[in-house]
Asks: 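Starting off with a structure, shown below.
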Protein chains: 2
Amino acid sequence: MDGLPARRPDPRVERSRTIIRAAALEELAQSGYGAFTIESVAARAHVGKSTIYRLWRDKLDLIADAFESAHEQAVPDVTTGTTAQRITMLVQHVAEVAADSLFSRCIPALIEGAGHDPRLRDFHYRYSARRRQSLTELIAGGIRSGEFTASCEPDLAAQAMLGAIFYGRLMSGEPFAPSQAPQLVAALLRPRDASSPEVS
Amino acid sequence: MDGLPARRPDPRVERSRTIIRAAALEELAQSGYGAFTIESVAARAHVGKSTIYRLWRDKLDLIADAFESAHEQAVPDVTTGTTAQRITMLVQHVAEVAADSLFSRCIPALIEGAGHDPRLRDFHYRYSARRRQSLTELIAGGIRSGEFTASCEPDLAAQAMLGAIFYGRLMSGEPFAPSQAPQLVAALLRPRDASSPEVS
DNA sequence: CCGCAGCGATACGCGTGCGTATCAGAGATG
DNA sequence: CATCTCTGATACGCACGCGTATCGCTGCGG
């Protein structure tokens, strides 16, 4: 039915998409959601405004797409070591990303945007939930296997770990130091054998 | 030196200030920082735009002042019970405020605004730091007095408790349930005598 | 090497919010 | 009751950003 000649895709299109998405994220990081403008993105990307409107319907569409593309910084699956070690590494990884990455600098914008656009809200909640769930499952697994005893529900422990990280990021000038991760994890998981470590 | 007749202050002025500050906070909660407009506030407060500009220099001045006035919801000084109980009550209080209060609904706006205006940033950081510090001191006191053993540095424990609360508020649809507060506190503080409570 | 798709630049109409100015009337003062 | 401050309404000029349209040019595909 399609008598179309099936022309090869022009490489310029994908190149534009990539450049513009990156510029959009930088703009979100710097200006936030409210002050985000298509014109700033165009200037930052050294691109004509029309190119942006050719590739995305509107401002919101670009923002949502930029976030979704940034999502690809997937959490690396740590599969070596004891469960406690794997948990520590996961927490440490999240702390590092939160401390310094383009995506993390966009989180304030994402929070603000989530209050305005359902599509952003869905993305934000889903993304956060996924990160939290994988940590929860790791903790639950460690408890099931008897490696340690949790001092509270796995999900609550996960929330405390992630919360500590983001509290530093969002509510104070000093981000959470990744080096504190082991201490934080140890505080919430009690090895079955060893006695509790004392802190003077 | 002042030959001024010292006229009594017109009550309408303070009344306007109060009404407009409240409307500004509601506007921040609903629209966020970026979409905040003086004209919306005026409409919401059933007040002329000129009245607002007569009492505040500009948009930022109003926002900063509205936040500072909301700050007055001071944390009640809990002074009864064991230190652990006082900590639990404090955490529970923060959780309740975070779950549902006008001020807490403004936090996304505050975070966004902190990225743009130094005055808002100072307020935000100072306010958060104060809350965190009072919790830290409470924990440190309980450790010093030998009531319990912390499983980590007091400040880190405080960060985990507050973080868990705000993670629920900002990063997922479900706010932190205040009923989880005792479990969270217990997980991070170990009574010196009793054996650790097990969670199946 | 031809033809066309994608490109940057530019200009446009529109809406919106800023911060200012003006003005008549309501309400507090004394 | 006379006075004068504060108030809400309204209009203004300005700047900015949206989303659209147009136009030559560039560089890719065939």
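When reading the values below, keep in mind they use all heavy atoms of this one structure, side chains included, and skip hydrogens, waters and symmetry mates. Just so it is clear, the structure is predicted and the values come from calculations on it, not from any experiment. Just so we're on the same page: letters track the sequence lines, and every chain starts at 1.
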Asks: Could you give all pairs that pass the side chain to side chain donor-acceptor pair (under 3.5 Å) test and reach residues 52-65 of chain A, with sequence neighbours left out?
Replies: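 Counting only pairs at least two positions apart or across chains, the side chain to side chain donor-acceptor pair (under 3.5 Å) contacts touching residues 52-65 of chain A are A:Arg21-A:Asp65, A:Trp56-A:Asp65, A:Asp61-A:Arg119.
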Asks: Quick one: A:Arg12 CZ to D:dT26 P, roughly how many Å, whole number?
Replies: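 After rounding, the reported distance stands at 12 Å.
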Asks: Measure the distance from CG on B:Asp58 to C1' on D:dC14 and round it to the nearest whole Å.
Replies: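 Rounding to the nearest Å, CG of B:Asp58 and C1' of D:dC14 are 17 Å apart.
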Asks: Is it the case that A:Gln92 and A:Glu96 place a side-chain donor and acceptor less than 3.5 Å from each other?
Replies: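 The answer is no; no qualifying pair exists.
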Asks: Rounded to the nearest 0.5 Å, what separation is found between the OG atom of B:Ser31 and the CD atom of A:Glu112?
Replies: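 Between atom OG of B:Ser31 and atom CD of A:Glu112 there are 9.0 Å.
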Asks: Given atom CG of A:Leu62 and atom P of D:dG17, what is their separation to the nearest angstrom?
Replies: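 Roughly 16 Å, once rounded to whole Å.
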Asks: If you restrict it to nitrogen or oxygen atoms, what contacts under 3.5 Å exist between nucleotides 9-16 of chain C and the protein, and what is each distance?
Replies:
unit_1, atom_1, unit_2, atom_2, d
C:dA9, N6, A:Ser50, OG, 3.2

Asks: In the structure I gave you, are the side-chain heavy atoms of B:Val97 and B:His93 within less than 4.5 Å of one another anywhere?
Replies: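 A side-chain contact exists here, since the closest heavy-atom pair is under 4.5 Å.
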Asks: Roughly, in whole Å, what's the span from CD1 in A:Ile20 to P in C:dC7?
Replies: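 Taking atom P of C:dC7 as the reference, CD1 of A:Ile20 is at 8 Å.
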Asks: Rounded to whole Å, please give me the gap between CG in A:Leu55 and C1' in D:dG19.
Replies: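 Checked: the CG to C1' distance equals 15 Å.
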Asks: Mind telling me whether B:His116 and B:Tyr33 have parallel, tilted or perpendicular rings, with 30° and 60° as the class edges?
Replies: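 Ring orientation, 0 to 90° scale: parallel.
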Asks: Round to a whole Å and report the spacing from NZ of B:Lys59 to P of C:dC18.
Replies: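 Result: 5 Å.
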Asks: Which of the following nucleotides, C:dG30, D:dT7, D:dG19, is nearest to the side chain of B:Arg8?
Replies: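 For the B:Arg8 side chain, the nearest candidate turns out to be C:dG30.
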Asks: Just by distance, no angles: are the side chains of A:Gln30 and A:Arg105 close enough, under 3.5 Å, to form a donor-acceptor pair?
Replies: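 No, no side-chain donor-acceptor pair sits under 3.5 Å.
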Asks: Roughly, in whole Å, what's the span from CG in B:Asp10 to C1' in D:dT5?
Replies: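 Taking atom C1' of D:dT5 as the reference, CG of B:Asp10 is at 6 Å.
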Asks: Taking for each residue the nucleotide of DNA chain C with the nearest heavy atom, is it B:Pro11 or B:Phe36 whose nucleotide lies nearer the 5' end?
Replies: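 The answer here is B:Phe36.
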Asks: Take atom CD1 of A:Ile19 and atom P of C:dG6, then tell me their distance rounded to the nearest Å.
Replies: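 Between P of C:dG6 and CD1 of A:Ile19: 16 Å.
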